[in-house]
Amino acid sequence: MEPNKVLYQFVLRLADHNMIMAQRMAEWCSRGPILEEDLALTNISLDLLGQAELFYDYAVELSGVNQCADDLAFLRSERAYLNCLLVEQPNGDYANTMVKLLLFSCFEKHLYTSLLNSTDHRIADLAAKGIKEVRYHYRHSCDWVVRLSLGTEESKQRIINAMIELWRFVDDMFEMNEIDRALISSGISVDLNTCYAAWKSDMDQIFNACKIEIPDVDNIVKGGIHGIHTEHLGHILCEMQFLQRAHPGAKW
């Protein structure tokens, strides 16, 4: 594969992670448990959407094709998306959403921190911009997971239920393929095994404080970086892409 096409696939993956997570967070708009949380989750969604747009813009430049960020976001089919499976999972209750945001924001925190030293200056710049927002997402979700875990028996059980449901998608988040191996050798990307060690250390610390054991799951699901998704992504795309497909080229 040509160097630009390898980098294109990697940048597209980063954009898709953020785009689909942004769509899930946006579903909480006007449905938050309290006004402050409604605003917080909406702002997190906007942060992720902004990061997605910047990565899509870079992907467009790498593609060498006459298209724009909107084309990549709204005119691709399900199998063309490279996001991890975790971000496309339904929101569930508030505990489920906070656990999902915690797992994902911690992943992005360590990934972006590593990419600050990327030999591709554009990726390093985008990581530097995104890390400030991701650290806030991480702190916010961490506070809520600890608060709910140490709250009532019901709130703790909901965190445990979310852990059992979502932990099976962790391995998919850190899966690598030939794209990663090519970019690691050139110093553009990083070994996700290194990120996993730092991520797991954070998780151990948080859930020790929560007095909750990390589940030992045996129903691991993977496939996101190969374009193989759960049934939920298709439903997200139907809603997310409706306007652009019904009215091609529509602008606000």
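Since this is a predicted model, take the numbers as computed values, not measurements.
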(message) To the closest 0.5 Å, what do you measure between CG (N4) and CG (L62)?
(response) 5.5 Å
(request) Could you tell me the separation between the CZ atom of R181 and the CE atom of M176, rounded to the nearest 0.5 Å? (result) 7.5 Å
(request) Decide yes or no for F107 and L103: does some side-chain heavy atom of the first lie under 4.5 Å from some side-chain heavy atom of the second? (result) no
(message) If I take atom SG from residue C142 and atom CZ from residue R139, how far apart are they, to the nearest 0.5 angstrom?
(response) 10.5 Å
(request) Could you tell me whether N66 atom CG has more than 12 heavy atoms of other residues or ligands within 6.0 Å of it? (result) no
(request) Determine, step by step, whether L14 and F10 satisfy the side chain to side chain contact (heavy atoms under 4.5 Å, CB included) criterion, reporting the C-alpha distance in whole Å, the side-chain angles of both residues, the deciding distance to 0.1 Å, and the verdict. (result) CA-CA 7 Å; L14 297 178; F10 179 69; 3.7 Å; yes
(request) Would you check if L111 and L192 make a side-chain contact, meaning some heavy-atom pair closer than 4.5 Å? (result) yes
(message) Looking at L82, is its backbone amide N or carbonyl O close enough to the side chain of D16 to form a donor-acceptor pair, meaning the two atoms are under 3.5 Å apart?
(response) yes
(message) Would you say I225 ends up clustered with F169 if hydrophobic residues are merged whenever their side chains have heavy atoms under 4.5 Å apart, either directly or through other cluster members?
(response) no
(message) Between D38 and S30 (side chain of the first, backbone of the second, donor and acceptor by atom type, cut-off under 3.5 Å), is there such a pair?
(response) yes
(request) Would you indicate whether the side-chain heavy atoms of R245 and L75 approach each other to under 4.5 Å? (result) yes
(message) Could you check whether any side-chain heavy atom of L237 comes within less than 4.5 Å of a side-chain heavy atom of Q23, counting everything from C-beta outward?
(response) no
(request) Taking the side chain as every heavy atom from C-beta outward, state whether M21 and I44 have any pair of such atoms under 4.5 Å apart. (result) no
(message) I'd like to know if the side chain of S149 reaches the main chain of K156, judged simply by a donor and an acceptor atom lying under 3.5 Å from each other, with no hydrogens or angles considered.
(response) no
(request) Mind checking the CG-SG spacing from D171 to C84? Nearest 0.5 Å is all I need. (result) 12.0 Å
(request) Please report the shortest heavy-atom distance between A73 and Q241, naming the atom on each side. (result) O-NE2, 3.5 Å
(message) If you define the side chain from C-beta out and look only at heavy atoms, does anything of L86 sit under 4.5 Å from D172?
(response) no
(message) Taking CG in D216 as the centre, count heavy atoms belonging to other residues, nucleotides or ligands within less than 6.0 Å. Is the count above 12?
(response) no
(message) Let me check something: do V11 and L116 share a hydrophobic cluster, defined by ILVMFWY side-chain heavy atoms less than 4.5 Å apart, either directly or through other members?
(response) no
(message) Parallel, tilted or perpendicular: which one describes the rings of Y196 and F174, with boundaries at 30° and 60°?
(response) perpendicular
(request) Could you pull out the closest heavy-atom pair between V217 and I164, with the gap in Å? (result) CG1-O, 4.2 Å
(request) From the options H17, R13, E88, select the one residue that forms a side-chain hydrogen bond (donor to acceptor under 3.5 Å, both in side chains) with N83. (result) E88
(request) Just jot down the side-chain contact (heavy atoms from CB on, under 4.5 Å) partners of S201, sequence neighbours excluded, or say none. (result) none
(request) Kindly say whether A162 contributes a backbone atom to a donor-acceptor pair with the side chain of N96 at under 3.5 angstrom? (result) no
(message) Consider side-chain contact (heavy atoms from CB on, under 4.5 Å). Of N43, L48, L102, L41, which one does H137 pass it with?
(response) L48
(request) Show your working on side chain to side chain donor-acceptor pair (under 3.5 Å) between D47 and Q51 and close with a plain yes or no. (result) CA-CA 6 Å; D47 288 343; Q51 291 177 38; over 6 Å; no
(request) Mind checking the NE2-CD spacing from H235 to E239? Nearest 0.5 Å is all I need. (result) 11.5 Å
(request) Indicate the atoms forming the closest heavy-atom contact of G223 with E175, along with that distance. (result) N-OE1, 3.9 Å
Side chains of residues 205-215: which donor-acceptor partners sit under 3.5 Å, not counting sequence neighbours?
{"from": "N208", "atom 1": "ND2", "to": "D204", "atom 2": "O", "distance (Å)": "3.0"}

(message) I'd like to know if I188 and Y112 are part of one continuous hydrophobic network [Ile/Leu/Val/Met/Phe/Trp/Tyr, side-chain heavy atoms within less than 4.5 Å].
(response) yes
(request) To the nearest 0.5 Å, tell me how far E178 CD sits from D180 CG. (result) 8.5 Å
(request) Determine yes or no for a side-chain-to-main-chain donor-acceptor pair under 3.5 angstrom, with S114 supplying the side chain and V190 the backbone. (result) no
(request) Could you tell me whether the side chain of T42 and the main chain of C29 form a donor-acceptor pair under 3.5 Å? (result) no
(message) For residues V99 and L150: do they belong to one hydrophobic cluster (side chain heavy atoms under 4.5 Å, members Ile, Leu, Val, Met, Phe, Trp, Tyr)?
(response) yes
(request) Return the set of residues passing ring-ring contact (aromatic ring centres under 6.0 Å, His included) with Y58 (not counting sequence neighbours), or none when no residue passes. (result) none
(message) Under 4.0 Å between a side-chain nitrogen and a carboxylate oxygen: does that hold for E27 and R24?
(response) yes
Donor-acceptor contacts under 3.5 Å from residues 122-129 side chains, at least two apart:
{"from": "R122", "atom 1": "NH1", "to": "E61", "atom 2": "OE1", "distance (Å)": "2.9"}
{"from": "R122", "atom 1": "NH1", "to": "E61", "atom 2": "OE2", "distance (Å)": "3.4"}
{"from": "R122", "atom 1": "NH2", "to": "E61", "atom 2": "OE2", "distance (Å)": "2.9"}

(message) Strictly distance-based, threshold 3.5 Å: is any side-chain N or O of S45 a donor or acceptor partner for the main-chain N or O of M25?
(response) no
(message) I'd like to know if the side chain of R79 and the backbone of G227 have a donor-acceptor N/O pair within less than 3.5 Å.
(response) yes
(message) For residues 66-105, which residue pairs pass the ring-ring contact (aromatic ring centres under 6.0 Å, His included) check, not counting sequence neighbours?
(response) W28-Y94, Y94-W144
(request) Examine distances only and state if a side-chain atom of R168 and a backbone atom of E165 form a donor-acceptor pair shorter than 3.5 Å. (result) yes
(message) Let me check something: do L46 and V87 share a hydrophobic cluster, defined by ILVMFWY side-chain heavy atoms less than 4.5 Å apart, either directly or through other members?
(response) no
(message) The criterion is side-chain hydrogen bond (donor to acceptor under 3.5 Å, both in side chains); which residues satisfy it with D202, sequence neighbours excluded?
(response) K109, H110
(message) Please give me the minimum heavy-atom distance between Y8 and S63, naming the atom from each residue.
(response) CE1-CB, 3.7 Å
